[in-house]
Amino acid sequence: MLEKGLSAQSRTTVTNENTAAAMGSGDLPVFATPSAIPLRCDAGHRRPGGIGLQTAAAAALPAGSTTVGAEMNVTHIKPSGLGAEITATAVLTEVEGRKLTFNVGARDAGGMIGEGVHIRYVVDCEKFMAKLG
């Protein structure tokens, strides 16, 4: 059973590839907001090379289930330059049936760079994929 307080982290380093200038979301060599969002999603889920709550919670999910993202409401309030290590944290704060609510935040060595709420739903993989097309 998924319980409040479950948490996970995900990390990345600011490189030329994930800057606002490279991603077209600005023209400065700082960590791009479009790069910050997947990092926080990763802390709420998982991706190859990442660590996330999906991995941490796998034993608590029904067989054949996963979680899917439904909503992300986050801020990006402070720039991080090339070489900065960014750590995103997601903490499960609410479980309402299949709906999971996470508080997410991202920090660099100077402190908080953004925070918000990420909502995911537990789904049966086979049923979910059957809804395509």
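In this chain, residues are counted from 1 in sequence order.
Residues V104 and V117 have side chains not in contact (no heavy-atom distance under 4.5 Å, counting atoms from C-beta outward). Side-chain atoms of E115 and T75, non-hydrogen and from C-beta on, do get closer than 4.5 Å to each other.
Of all non-hydrogen atoms in I113 and S80, the two that sit nearest each other are CG2-OG, 3.6 Å. When all heavy atoms of H76 and A32 are compared, the closest pair comes out as CE1-C, 4.0 Å. Across S65 and V122, no two heavy atoms sit closer than the pair CB-CG1, 4.2 Å. Closest approach of E17 to A22, counting heavy atoms only: O-CB, 3.8 Å.
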Test side chain to side chain contact (heavy atoms under 4.5 Å, CB included) applied to L92 and K4, step by step: CA-CA 5 Å; L92 182 59; K4 292 179 185 179; 5.5 Å; no

Is there a side chain to side chain contact (heavy atoms under 4.5 Å, CB included) between T67 and V123 once you walk through the steps? CA-CA 6 Å; T67 64; V123 298; over 6 Å; no

V91 vs L6, side chain to side chain contact (heavy atoms under 4.5 Å, CB included): CA-CA, chis, key distance, verdict: CA-CA 6 Å; V91 179; L6 185 66; over 6 Å; no

Going through the checks in order, is the side chain to side chain contact (heavy atoms under 4.5 Å, CB included) test met by I119 and K99? CA-CA 7 Å; I119 296 174; K99 180 181 178 184; 3.8 Å; yes

Passes side chain to side chain donor-acceptor pair (under 3.5 Å), T89 versus Q9? Steps please. CA-CA 4 Å; T89 303; Q9 291 185 331; 3.3 Å; yes

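Under the 4.5 Å side-chain contact rule for hydrophobic residues, L100 and V74 share a cluster. Hydrophobic clustering of Ile, Leu, Val, Met, Phe, Trp and Tyr side chains at less than 4.5 Å, counting indirect connections, keeps V30 apart from I77. Cluster annotation: L28 is not connected to V14 through the hydrophobic network of ILVMFWY side chains, with a link wherever side-chain heavy atoms come within less than 4.5 Å. Under the 4.5 Å side-chain heavy-atom criterion for ILVMFWY residues, a single connected hydrophobic cluster contains both F31 and L82.
With H118 contributing its side chain and E71 its backbone, the two residues share a donor-acceptor pair below 3.5 Å. In this structure, the side chain of T93 engages the main chain of T101 through a donor-acceptor pair within 3.5 Å. The backbone N or O of P29 lies less than 3.5 Å from no partner atom in the side chain of N16, so there is not a single donor-acceptor pair. For S35 (side chain) and N18 (main-chain N/O), a donor-acceptor pair under 3.5 Å exists by modelled atom type.
For the atom pair CZ of R107 and CD of E85, the computed distance is 13.0 Å after rounding to the nearest 0.5 Å.
Applying the salt bridge (charged side-chain N to carboxylate O under 4.0 Å, His left out) criterion to K78, with sequence neighbours excluded, gives D108.
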